[in-house]
Asker: 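One structure, as structure tokens, below. Some questions next.
Reminder, nothing fancy here: chain letters follow the sequence lines and each chain counts from 1. Every heavy atom of this structure was used, including side-chain atoms; hydrogens, water molecules and symmetry mates were not.
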Protein chains: 2
Amino acid sequence: MEIELILKYISRHIDLSDKEKSILVEHVKVRDYLKGQFIVQQGDVCKYESYVISGCAKTFFIDQEGNEHVVMFAIENWWTADLGSFITQQPADYNVQCLEKTKVAQFSHTSLEQLYAQIPKLERFFRIIIQNAFVASQKRIVRNLSLTAKERYLIFREQYPDIEQRVPQYLIASYLGITKQFLSKIRAELIMEN
Amino acid sequence: MEIELILKYISRHIDLSDKEKSILVEHVKVRDYLKGQFIVQQGDVCKYESYVISGCAKTFFIDQEGNEHVVMFAIENWWTADLGSFITQQPADYNVQCLEKTKVAQFSHTSLEQLYAQIPKLERFFRIIIQNAFVASQKRIVRNLSLTAKERYLIFREQYPDIEQRVPQYLIASYLGITKQFLSKIRAELIMEN
DNA sequence: AAAGGAAGTGAAACTAGATTAACAAAATCT
DNA sequence: AGATTTTGTTAATCTAGTTTCACTTCCTTT
């Protein structure tokens, strides 16, 4: 069933015995969300790290002026949470909202600490996952500082073609740090250019 | 001596036995750099994760147009490396250059893998360190997307007052993603305002 | 102390991207 | 199928931040 997926995914990075797999499974909750539902809400403590089995979600926040900013998307095989809130168990800065019917596998904070104690290899697993996320995050900062909106859009399209198909344009604009009008202009230019 | 510092720092997050401490010490190299020297050079493989014992370094890269972009600073008790390069052992995208005479404790890639094998708790340590770095990186993205240059400068000043003192303004401007002229203008405005 | 480079300031002209507003096209609902 | 809401487009005006260039101040180094 669905749980197999996450075990397989974890096994890409570390080896798990059958015993360990069953311990893990005991601590995971699979949960379904409808389109529009929130996995995390700004102000609440982020209770889970969620692994997306199917569907799609956006992480965003609302700034002082009431504008929405998309921080990241998550699709199949990605993790999503307000990690800062999850780690510290303080109120979340971000919202995570489903853009489609979405199925996730969730680890609570206490479950995860117990899992770390029982399966120390999981520390390695999450270290690797987060290391990669950090490197990607740094690259994004660099791109935001050194590239134009058009260049960033082209890279996004190339890097996440699947996300581009599934997500409305104005959310992609927000992720890129531009307005939907400007993205629309960029797209019109790109069509002209060839 | 200096090595004590890093052991103390690690002990803030995990408990190390004397045995483990001595294993660790065997794998660390302390190295001194002069002002201007490079810890990592764009194009080379990043051989070490470096923990700054004293001094200060900048991580930066040169874009297509030849402009320098500061990605981050590192002072006492910070880690520095091109983590992407270090993990994959592929050529580095970034340079790490000392802004002062700088003393670091370095872990090579193979040393670190051996340490992970011998002291599994270190996986936990680095997971926590990188988790925090990732959260900070995400926050920086969010600030870059939602705040003006002036707001970002004020936050930077508050968050890293020590760095602001030690580092030339034009590097801070670069870190903030603006020109030195514009930072100068912001500073003039701030002085006017009170 | 003089000289030369590195860092910081100021001002004018410019541009990437924002804002506003009006409209068009899809998607969703009844 | 028609109505309503959600997305996407176009265009005019505006602004935060850039660019260029000239000038100043501050470090170094001799």
Asker: Considering only D:dG17, C:dT9, C:dT28, which nucleotide approaches the side chain of B:Lys180 most closely?
Answerer: C:dT9
Asker: On DNA chain C, nearest-nucleotide positions of B:Leu183 versus A:Ile186: which is more 5'?
Answerer: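 It is B:Leu183 whose nearest nucleotide is closer to the 5' end.
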Asker: Between C:dT19, D:dT9, C:dG8, which one does the side chain of A:Thr179 approach most closely?
Answerer: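 Nucleotide nearest to A:Thr179's side chain: C:dT19.
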Asker: Rounded to whole Å, how long is the line connecting atom CZ of B:Phe182 with atom C1' of C:dA11?
Answerer: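 Answer to the nearest Å: 14 Å.
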Asker: Output the rounded distance in Å from CG (B:Leu147) to P (D:dG17).
Answerer: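 Distance, rounded to whole Å: 10 Å.
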Asker: Roughly, in whole Å, what's the span from CG in A:Leu145 to C1' in C:dA16?
Answerer: 15 Å
Asker: Rounded to the nearest Å, what distance is computed from the CZ atom of residue B:Arg166 to the C1' atom of nucleotide D:dC27?
Answerer: 18 Å
Asker: Within 45° of the six-membered ring axis of B:Tyr116 and under 6.0 Å from that ring's centre, is NZ or CZ of A:Arg127 located there?
Answerer: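 Relative to the ring axis of B:Tyr116, which defines the angle, A:Arg127 lies inside both limits.
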Asker: Starting the side chain at C-beta, find the nucleotide from D:dT18, C:dG8, C:dG17 nearest to B:Pro168.
Answerer: C:dG8
Asker: Rounded to the Å, how far apart are B:Arg187 CZ and C:dG8 P?
Answerer: 8 Å
Asker: Atom CG of B:Leu183 and atom CG of B:Leu171: how far apart are they, to the nearest 0.5 Å?
Answerer: 11.0 Å
Asker: Take atom CD of B:Glu100 and atom P of D:dT28, then tell me their distance rounded to the nearest Å.
Answerer: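 Roughly 12 Å, once rounded to whole Å.
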Asker: Could you work out which one of C:dT9, D:dT10, D:dA16 sits closest to the side chain of B:Gln169?
Answerer: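 From the listed options, C:dT9 comes nearest.
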Asker: Tell me which of A:Ile178 and B:Lys185 sits closer to the 5' end of DNA chain C, going by the nucleotide each one is nearest to.
Answerer: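 Going by which nucleotide is closer to the 5' end, it is B:Lys185.
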Asker: Would you call A:Glu2 and A:Lys8 a salt bridge, using N to O less than 4.0 angstrom?
Answerer: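 Salt bridge: no.
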Asker: Taking B:Glu158 first and then B:Arg152, would you say they form a salt bridge - that is, a charged N and a carboxylate O separated by under 4.0 Å?
Answerer: no
Asker: Starting at atom OH of B:Tyr170, determine the distance to atom P of C:dG8, rounded to an integer number of angstrom.
Answerer: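 Whole-Å distance recorded here is 8 Å.
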Asker: If you pin B:Thr148 and B:Gln181 to their nearest nucleotides in DNA chain D, which one's is more 5'?
Answerer: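 Nearest nucleotide further toward 5': that of B:Thr148.
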Asker: Using modelled atom types and a 3.5 Å cut-off, is there a donor and acceptor pairing between side-chain atoms of B:Ser50 and backbone atoms of B:Ala105?
Answerer: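 The answer is no, because no donor-acceptor pair under 3.5 Å joins these two groups.
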Asker: In whole angstrom, give the distance that lies between atom OH of A:Tyr153 and atom C1' of C:dG17.
Answerer: 17 Å
Asker: Out of D:dT10, C:dA16, C:dT9, which has the shortest distance to the side chain of B:Ser184?
Answerer: C:dT9
